[in-house]
Amino acid sequence: MKTIFEKSNGASGINISDIKENLDFIDKKFLRLEKPDLPQMSELEVLRHYKELSDLNFCIEKGFYPLGSCTMKYNPKVNELLASLEGFANLHPCADEDDSQGALELMFKLQNALKEITGMDCVSLQPAAGAHGELTGMMIIKKYFEVKGENRSKVIIPDSAHGTNPASANACGFEILPVASDEKGQVDINALKELLTDDVAAIMMTNPNTLGIFEENVLQISEIMHKNGSLLYYDGANFNAIMGYTNPRLMGFDVVHINLHKTFATPHGGGGPGAGPVGVVEKLKDFLPVPIIDFDGEKYHANYDLKNSIGKVRSYFGNFGVLVRAYAYILMMGKNLKRASEDAVLNANYLKEKLREEYFLPYNQPCMHEFVLSADKQKECGVSALNIAKSLMDNNTHPPTIYFPLIVHEAMMIEPTESENKQRLDEFAEIMIKIAKEVKSDPHDILSAPHNTPVKKIDETTAARHPDLNFKQ
Ligand SMILES: *Cc1c(COP(=O)(O)O)cnc(C)c1O
């Protein structure tokens, strides 16, 4: 596909020199002497160019999107309709409370729904993403110990964790202590005990973890940590696996964030928008960022008066449009949220069983909503997880997450989500098996994939060392 500069043919949609005559009010010294070197095309051709570009985007509406850890599930379109209702979309965040009762009511009820889903005592809707929720949670934990007068500077994080976990704790000034996973892909309790000292503030855990495995010893871990005077932080980005079955409160956690844009069906990717509400147990309630939305029996209020609040972490009320979508999704699903998790787990296990013959399954046990394969067997024929990912693109399928989690060689992390039917899962399995067979017979095509995409195999080393950012050639 050509760039718009290459397509330029001298035709004009808007004649800039016509406009120039109307620019008398601008001092001559600010006017350019030569015409800008802009592409020249008719309005219709410009339109076609951008439509063609947008058709290159891959999205859940176009095909299977098993990007592990990202929960690329179907986002019901009715959510969009509700978020764009004039009363929500055009409401000014500085409007009086009396004029914002509907929006405040929605936030209040969403807080309550999330309290019920997570089991936490109080929820703030402020944070704008998962990582932002983590940072908020870490700030709460830090301030909690400061107010208590305890000097705790360390945070324990499993080696399977999402990269944002150590980044968030570190950004908050904590020293990170990685804890190893055992042969079952779970936190190694003995290794954990060895790390415990009285300056450990918390452990950050994801459950099910990023291998898609449920941490069976989570209650024991919670007991050990609490006995040490430490807190437990729950990265709830994998909530899609457990909705209605269990919650972080029952597992003994004190602080939780959830990704509304993953589990609660807001379109995401490409950098946002998202929302990462944070829930806490009673003793941490006063530390939440403000405002919290309250109800006095008659009216809804934004409460800025929390004794030990860490302050504001985002302007106004957070990403309000995302909150509307999440609330709509929760209301629409009701008790069926549990069914969504059930189907997500079923779909993942179904695919895992279909693929385990051709691909190495490093943690051989039932998985939750996602599972991690390794391309180690294919690597013996010179084909890497990256090659397989590119080959999937030739087959109109979005690749899984690759090379994460870091503790699995040639990792391919697959999350089908509940929104796919058996036919799609079978189709994906067939493509993956076809690729594995090709690797064995003749990997030539796979090694040079992708062939059907606008950008073919790129020389990544040269691209990194000598980037050519000149789009005009
Ligand atoms: C996606 C994800 C995050 C980060 O969430 P963002 O909204 O992308 O900041 C953190 N932890 C896990 C396990 C995730 O999957």
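For ligands, and for the atoms within them, numbers begin at 1 and follow the listed sequence.
Looking at Ile258, Asp235, Asn209, Asn240 and measuring to atom 11 (N) of ligand 1, the nearest heavy atom belongs to Asp235. Taking only non-hydrogen atoms, the option from His132, Glu134, Glu415 nearest to atom 10 (C) of ligand 1 is Glu134.
Checked against a 3.5 angstrom limit, the closest N/O atoms of His261 and ligand 1 fall inside it. At under 3.5 Å, a nitrogen or oxygen of Asn259, whether backbone or side chain, sits near a nitrogen or oxygen of ligand 1. Taking any N or O of Ala237, backbone or side chain, none lies under 3.5 Å from an N or O belonging to ligand 1. For ligand 1, the polar-atom distance check against Ala129 finds no nitrogen or oxygen pair separated by under 3.5 Å. Residue Thr210 has no N or O atom closer than 3.5 Å to an N or O atom of ligand 1. In terms of polar-atom proximity, Thr206 is not counted as a contact of ligand 1, lacking any N or O under 3.5 Å from an N or O of the ligand.
Scanning the protein heavy atoms around atom 9 (O) of ligand 1, the nearest turns out to be Ala131 N, 2.8 Å. Given atom 6 (P) of ligand 1, the protein heavy atom at minimum distance is Gly130 N, 3.5 Å. Protein heavy atom closest to atom 14 (C) of ligand 1, with residue, atom name and distance, is Lys262 NZ, 2.9 Å.
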Check the pair Glu105 / Lys109 against salt bridge (charged side-chain N to carboxylate O under 4.0 Å, His left out), numbers first and verdict last.
-> CA-CA 6 Å; Glu105 178 178 355; Lys109 291 186 169 166; 2.6 Å; yes
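In this structure a side-chain-to-backbone donor-acceptor pair under 3.5 Å is missing from Glu215 to Pro208.
Among Arg249, Lys283, Lys115, the single residue meeting the salt bridge (charged side-chain N to carboxylate O under 4.0 Å, His left out) criterion with Asp121 is Arg249. With Thr71 as the partner, the side chain to side chain donor-acceptor pair (under 3.5 Å) test is satisfied by one option alone out of Glu415, His261, Glu370: Glu415.
Taking the ring axis of Phe64 as reference, the NZ or CZ atom of Arg424 does not stay both within 45° of it and closer than 6.0 Å to the ring centre.
Aromatic ring pairs are classed by plane angle as parallel below 30°, tilted from 30° to 60° and perpendicular above 60°; the pair Phe58 and Tyr65 is perpendicular.
Side chains of Phe264 and Met333 form no contact here, defined as non-hydrogen atoms less than 4.5 Å apart.
Not less than 6.0 angstrom separates the ring centroid of His409 from the ring centroid of Phe360.
Residue-level proximity to ligand 1 for His268 is absent, since no heavy atom of it falls below 4.0 angstrom.
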